[in-house]
Q: 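Input: one structure, supplied below.
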Number of protein chains: 2
Amino acid sequence: MSTVSRDSVREILHAFLAGRGLRKTAQRDAIIEAAFATNEHYTAEELLTMSRAIDTSVSRATVYRTLPLLVESGLLRELDFGGDTKIYDPNFLEHPTHNHLVCVDCKKIVEFEDPNMELLENCITRRLGFTPANKRVTIEAHCDEFQSRGKCSKAANSAR
Amino acid sequence: MSTVSRDSVREILHAFLAGRGLRKTAQRDAIIEAAFATNEHYTAEELLTMSRAIDTSVSRATVYRTLPLLVESGLLRELDFGGDTKIYDPNFLEHPTHNHLVCVDCKKIVEFEDPNMELLENCITRRLGFTPANKRVTIEAHCDEFQSRGKCSKAANSAR
DNA sequence: ATTCGTGCAAAGTATTTGCAAAGTT
DNA sequence: AACTTTGCAAATACTTTGCACGAAT
């Protein structure tokens with residue numbers, strides 16, 4: 001489903017693990033498998049469910065312990081839209097600079113990429129005497145469809 | 001200390017409370033007083049401490065119950081830089097469109113404003129079929145000073 | 001008088017951690 | 001054999017909530 005194959009994801013992670021003297025385990029593989037089987041965002045709990053569908057032996061603790069590894073290796077991005085739970089975005093390998101728009105009305109999350117934004121952020125950062133590392137833009141907005149019809153045709157994304 | 005006086009802040013909040021049939025209380029006033037006595041960011045717990053310096057009777061629960069009111073009334077902005085605790089920014093009245101740069105090395109938070117950013121965000125939002133509501137840009141970056149000297153002269157901001 | 005707000009302490013909830021057993025290299 | 005990883009359940013830590021009393025309108 002993704003242009004970056006799951007195999008290459010696994011290779012990247014294995015390289016990352018190896019470089020840190022960490023080990024390859026069945027549970028971690030199941031979690032990776034689950035984490036990149038979708039383009040949707042998900043919570044830790046949802047990832048646990050998805051991982052268990054692949055390997056019943058995956059525990060909540062392991063998911064919570066593996067998520068930071070995936071984030072540090074750059075495969076997964078942690079997002080925080082203000083809810084109680086962090087949500088994870090598996091689409092950064094394909095679209096490393098994408099940002100998010102969250103519909104205030106229907107909670108739908110729209111991903112977008114914009115080179116001008118990218119450029120502008122870099123300029124601002126340098127002007128302030130810094131070197132860019134991570135940039136996050138989150139736009140909350142009302143969808144016009146909701147405004148006129150009182151309802152969105154787009155289903156709300158499950159990710160809180 | 002701020003160009004927007006604390007009195008006008010109190011007026012805005014009282015209007016907000018009145019419009020909702022909510023009451024004016026000594027504790028809420030103390031919390032407001034504390035909340036806008038500084039331009040620094042703070043956590044709920046820090047606001048509790050500051051409020052108690054003004055009125056000993058302020059309880060933690062009241063702070064936690066008042067914060068959402070301040071946020072909804074538009075006086076205060078809730079920020080989330082990924083830590084465990086939310087942090088609050090009292091500078092949005094004076095600079096409604098400002099954004100944040102967080103130094104990865106020294107944790108310092110730099111506020112910045114940029115009209116081009118503002119413009120670009122609006123364009124992108126409209127192009128996607130939405131009407132802008134809230135926009136947040138967070139840039140994580142390395143400060144050049146840290147890079148060259150291994151240390152920042154700027155003290156790390158206390159806000160996590 | 002009525003309704004709202006408060007403090008306290010208990011509850012809630014996402015996440016983290018200690019430990020002994022099991023797995024990996 | 002040495003060291004990492006796991007699952008379980010207990011522990012954390014921030015925030016929320018129930019309740020009875022007190023305060024504001």
Side-chain angles (χ1 to χ4, degrees), chain A residues 10 13-35 41-49 51-52 54-73 76 78-88 158-160, chain B residues 10 13-35 41-49 51-52 54-73 76 78-88 158-160:
Chain A
R10 196 177 298 130
L13 188 75
H14 286 171
F16 173 82
L17 293 174
R20 286 215 186 187
L22 302 175
R23 291 169 185 172
K24 198 156 75 78
T25 69
Q27 289 88 344
R28 294 218 259 239
D29 277 346
I31 293 170
I32 299 165
E33 183 82 20
H41 302 154
Y42 42 79
T43 64
E45 197 65 27
E46 287 165 345
L47 182 56
L48 171 62
T49 304
S51 304
R52 279 183 167 162
I54 297 169
D55 180 337
T56 331
S57 79
V58 174
S59 77
R60 179 170 291 109
T62 300
V63 169
Y64 276 105
R65 282 188 276 231
T66 303
L67 275 170
L69 297 177
L70 293 173
V71 171
E72 283 168 54
S73 70
L76 207 57
E78 189 176 277
L79 304 177
D80 198 323
F81 295 140
D84 305 320
T85 58
K86 290 168 184 164
I87 70 181
Y88 296 88
S158 70
R160 178 122 6 115
Chain B
R10 197 178 298 128
L13 189 74
H14 286 172
F16 174 81
L17 292 175
R20 286 214 186 187
L22 302 175
R23 290 168 186 172
K24 197 155 76 78
T25 69
Q27 290 87 344
R28 283 183 185 157
D29 277 346
I31 294 170
I32 298 164
E33 184 83 20
H41 301 154
Y42 42 78
T43 64
E45 197 64 27
E46 287 165 345
L47 182 57
L48 171 63
T49 304
S51 303
R52 277 183 168 162
I54 297 170
D55 181 336
T56 332
S57 78
V58 175
S59 76
R60 179 169 290 107
T62 300
V63 169
Y64 276 105
R65 281 189 276 231
T66 303
L67 275 170
L69 296 177
L70 293 173
V71 171
E72 282 168 55
S73 71
L76 207 58
E78 191 176 275
L79 303 177
D80 199 322
F81 296 140
D84 304 320
T85 59
K86 290 167 182 165
I87 70 182
Y88 296 88
S158 69
R160 179 116 8 111

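To find a chain, count down the sequence lines: A is the first, B the second, and so on, and within it residues start at 1. Only this structure's heavy atoms are used, side chains among them; waters, hydrogens and symmetry mates stay out. Nothing here was measured: the structure is a model prediction, and the numbers come from that model.
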Q: May I have the list of side-chain donor-acceptor pairs in residues 13-23 of chain B shorter than 3.5 Å, sequence neighbours left out?
A:
unit_1, atom_1, unit_2, atom_2, d
B:His14, NE2, B:Asp29, OD1, 3.1
B:Arg20, NH1, B:Glu72, OE1, 3.4
B:Arg20, NH2, B:Glu72, OE1, 2.3

Q: Considering residues at least two apart in sequence or located in another chain, which fulfil the side chain to side chain contact (heavy atoms under 4.5 Å, CB included) criterion with B:Thr49?
A: none
Q: Expressed as a whole number of angstroms, how long is the span from A:Arg60:CZ to C:dT15:C1'?
A: 10 Å
Q: Report the C-alpha distance between B:Leu47 and B:Tyr88 in whole Å, list the side-chain angles of each, state the deciding distance to 0.1 Å, and finish with yes or no for side chain to side chain contact (heavy atoms under 4.5 Å, CB included).
A: CA-CA 9 Å; B:Leu47 182 57; B:Tyr88 296 88; over 6 Å; no
Q: Take the protein atom CZ of B:Phe81 and the nucleotide atom C1' of D:dC14, then report the distance between them rounded to whole Å.
A: 18 Å
Q: Output one letter per nucleotide in nucleotides 18-25 of chain D: B when a protein non-hydrogen atom lies under 4.0 Å from the base, S when only the sugar-phosphate is that close, - when neither is.
A: B----BBS
Q: Please report the distance, rounded to the nearest Å, between CG in A:Leu47 and C1' in C:dT15.
A: 14 Å
Q: If you find the nucleotide of DNA chain D closest to A:Ser59 and the one closest to B:Pro68, which residue's nucleotide is nearer the 5' end?
A: A:Ser59
Q: Looking at A:Thr62, is its backbone amide N or carbonyl O close enough to the side chain of A:Thr66 to form a donor-acceptor pair, meaning the two atoms are under 3.5 Å apart?
A: yes
Q: In whole angstrom, give the distance that lies between atom CG of B:Asp80 and atom P of D:dC14.
A: 14 Å
Q: Once side chain to side chain contact (heavy atoms under 4.5 Å, CB included) is applied, do any residues pair with B:Ala26, and if so which ones, sequence neighbours excluded?
A: B:Asp55
Q: Does B:Tyr64 put a side-chain nitrogen or oxygen below 4.0 Å from OP1 or OP2 of D:dT15?
A: yes
Q: Please give, in whole Å, the distance from C:dT24 C1' to A:Asp29 CG?
A: 13 Å
Q: Write down the distance between CG (B:Leu67) and P (D:dT17), rounded to a whole number of angstrom.
A: 14 Å
Q: Rounded to the Å, how far apart are A:Asp84 CG and D:dT12 P?
A: 22 Å
Q: Excluding sequence neighbours, so at least two apart, what forms salt bridge (charged side-chain N to carboxylate O under 4.0 Å, His left out) with A:Arg60?
A: A:Glu45
Q: Under the side-chain hydrogen bond (donor to acceptor under 3.5 Å, both in side chains) rule, collect the residues that match up with A:Ser73, sequence neighbours excluded.
A: none
Q: For B:Asp55 and C:dT6, give me the distance from atom CG to atom P, rounded to whole Å.
A: 11 Å
Q: If you assign each of B:Gly21 and B:Thr56 to its closest nucleotide in DNA chain C, which residue comes earlier from the 5' end?
A: B:Gly21
